[in-house]
**Q** 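Let me begin by handing over the structure; questions about it come next.
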2 protein chains.
Amino acid sequence: MSLKETDTEQIILLAAKEVFFKKGYDGARMQEIADEAGMNKALLHYYFRSKDKLFEAIFNDAFQKFIPRMVEKMASDASFEEKIISFVDNYITVIMEVPQIPNFILTEINRNPERIVEIMKKIGMQPEIIISGIQKDIEEGKIIAVNPKHLLINIIALCVFPFVAKPLLQNMLFDNNSGDYHTFLLERKKEVSQFIINSIKIN
Amino acid sequence: MSLKETDTEQIILLAAKEVFFKKGYDGARMQEIADEAGMNKALLHYYFRSKDKLFEAIFNDAFQKFIPRMVEKMASDASFEEKIISFVDNYITVIMEVPQIPNFILTEINRNPERIVEIMKKIGMQPEIIISGIQKDIEEGKIIAVNPKHLLINIIALCVFPFVAKPLLQNMLFDNNSGDYHTFLLERKKEVSQFIINSIKIN
DNA sequence: GTCTATATTGTGATAGAC
DNA sequence: GTCTATCACAATATAGAC
């Protein structure tokens with residue numbers, strides 16, 4: 001494949017990402033993507049055939065980024081504290097690089113829940129490994145007895161929610177000063193892991 | 001106003017809610033709302049003039065339900081434990097009555113963040129009252145020293161996130177068995193308040 | 001108030017020149 | 001590979017009969 005061909009394709013993907021992230025599938029317009037990419041609508045179809053195919057490329061890539069790399073972190077031999085600190089810090093850092101992803105993914109998944117079944121198979125994220133990892137830590141007396149599924153959801157919720165609800169929380173707590181909210185999100189790396197550790201540590 | 005007029009209006013609102021909740025503003029079609037309501041498109045415009053106006057009616061109502069009634073609960077003289085238990089139980093119960101609301105509100109707010117400023121004024125939810133309430137509990141030594149804003153977000157995140165991410169979590173943890181997930185959400189009333197209390201209690 | 005018919009504009013997609 | 005022109009259909013909104 002020539003360099004030029006790959007180039008155009010990447011420009012389209014970048015533009016499409018921009019528009020789909022902001023407007024969602026239904027709100028996005030091929031015309032707007034073309035404008036954003038500085039080219040013609042027809043060219044989008046030449047490279048991706050349809051709006052659907054173009055969207056799918058964006059969605060699959062974003063979904064990969066959204067799914068936390070939990071297995072490596074949580075299934076190690078480190079102490080639970082270390083595992084939590086490392087996971088939370090890493091996950092929030094990753095999301096902050098493309099903070100629109102959580103809202104985009106959750107919106108699109110709710111719009112079309114059937115999509116999940118097929119996606120999950122491709123990814124193979126195996127939550128059972130994390131669940132049983134937590135179970136093991138409980139049995140070894142490292143943390144108090146909790147329902148692992150609830151704990152897992154709690155961890156993810158604490159990391160992700162501030163990004164999904166950003167416009168609301170930003171206005172509610174900081175009068176829309178985006179710099180403040182950014183600082184707030186950085187603080188959360190420590191706050192969240194501390195919050196979790198406190199709630200499950202053995203006294 | 002005659003009974004018949006109010007009747008039709010209510011039927012439209014009910015149908016619109018159904019469709020807007022599922023598809024969002026951009027995905028919703030006036031035709032589908034009309035079908036759902038068992039009447040003609042023209043009638044929707046007769047009662048609400050435009051898709052925008054109809055949407056606004058739905059959105060404002062849903063937003064009211066989404067904003068937790070925190071002030072009453074959190075500003076009382078009860079112990080912090082009691083306040084948390086009461087708030088979490090109540091909020092999750094309210095959301096479970098119309099579980100599509102969190103995703104609907106967060107999607108639409110991200111799609112059009114400008115909307116918030118104006119809405120927030122109307123509501124007057126005064127988060128400062130809750131923040132300073134938490135501050136007071138800290139000063140009185142009822143709970144450990146934490147950043148009140150982070151604690152507030154944590155509480156809301158733990159309650160709301162499982163609804164926003166339902167399709168994902170349901171598939172991830174329960175192989176799409178919706179009965180299991182419903183039970184899981186009911187369990188959270190206790191799990192979440194316990195989780196919060198553990199993390200901030202003084203040893 | 002409620003319906004049918006229609007105006008009008010928007011939007012994904014393709015044909016065909018260069 | 002990239003562009004212009006255009007098709008075909010979808011969607012909001014209105015006109016006007018009943």
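By convention in this document, chain letters (A, B, ...) are assigned in the order of the sequence lines, proteins followed by strands, and residues within each chain are numbered from 1.
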**Q** Tabulate protein N/O versus nucleotide N/O from nucleotides 14-18 of chain D, keeping only pairs under 3.5 Å, one per line.
**A**
none

**Q** Please confirm whether the ring centroid of A/F104 lies under 6.0 Å from the ring centroid of A/F20.
**A** no

**Q** Kindly check if the number of other-residue, nucleotide or ligand heavy atoms within 6.0 Å of NZ (B/K190) is above 12?
**A** no

**Q** Quick one: A/R29 CZ to D/dA11 C1', roughly how many Å, whole number?
**A** 10 Å

**Q** Can B/K149 be said to sit on top of A/F184's aromatic six-ring, NZ or CZ under 6.0 Å from centre and within 45° of the ring axis?
**A** no

**Q** Would you mind reading off the distance between A/D26 atom CG and D/dA10 atom P, rounded to a whole angstrom?
**A** 15 Å

**Q** Nearest whole Å is fine: how far is D/dA5 P from A/L43 CG?
**A** 16 Å

**Q** What's the CG-C1' distance between A/L44 and D/dT4, to the nearest Å?
**A** 15 Å

**Q** In whole Å, I'd like the distance from the CD atom of B/Q31 to the P atom of C/dC3.
**A** 12 Å

**Q** A/K53 NZ to C/dG12 P: how many Å, rounded?
**A** 17 Å

**Q** Quick check: closest heavy atoms across A/M120 and B/N171, and the distance to 0.1 Å?
**A** CG-OD1, 3.5 Å

**Q** List the steps, then state whether salt bridge (Lys or Arg N to Asp or Glu O under 4.0 Å) holds for B/R111 with B/E108.
**A** CA-CA 5 Å; B/R111 194 178 56 82; B/E108 295 302 329; 2.6 Å; yes

**Q** Nearest of C/dC3, C/dG12, D/dT12 to any side-chain atom of B/K51?
**A** D/dT12

**Q** I'd like to check A/I138 versus A/I200 (side-chain heavy atoms, cut-off strictly below 4.5 Å). Are they in contact?
**A** no

**Q** Do any side-chain nitrogens or oxygens of A/T8 fall under 4.0 Å of OP1 or OP2 in D/dT2?
**A** yes

**Q** Contact class for A/A28 (heavy atom, under 4.0 Å): base, sugar-phosphate, or nothing?
**A** sugar-phosphate

**Q** If I take atom CE in residue A/M30 and atom P in nucleotide D/dC9, what distance separates them, rounded to the nearest angstrom?
**A** 19 Å

**Q** How close or far is atom C1' of D/dT12 from atom CD1 of B/I33, stated in whole angstroms?
**A** 11 Å

**Q** Considering all heavy atoms of both residues, which atom of A/K41 and which atom of A/A34 are nearest to each other, and what is their separation?
**A** N-CB, 3.6 Å

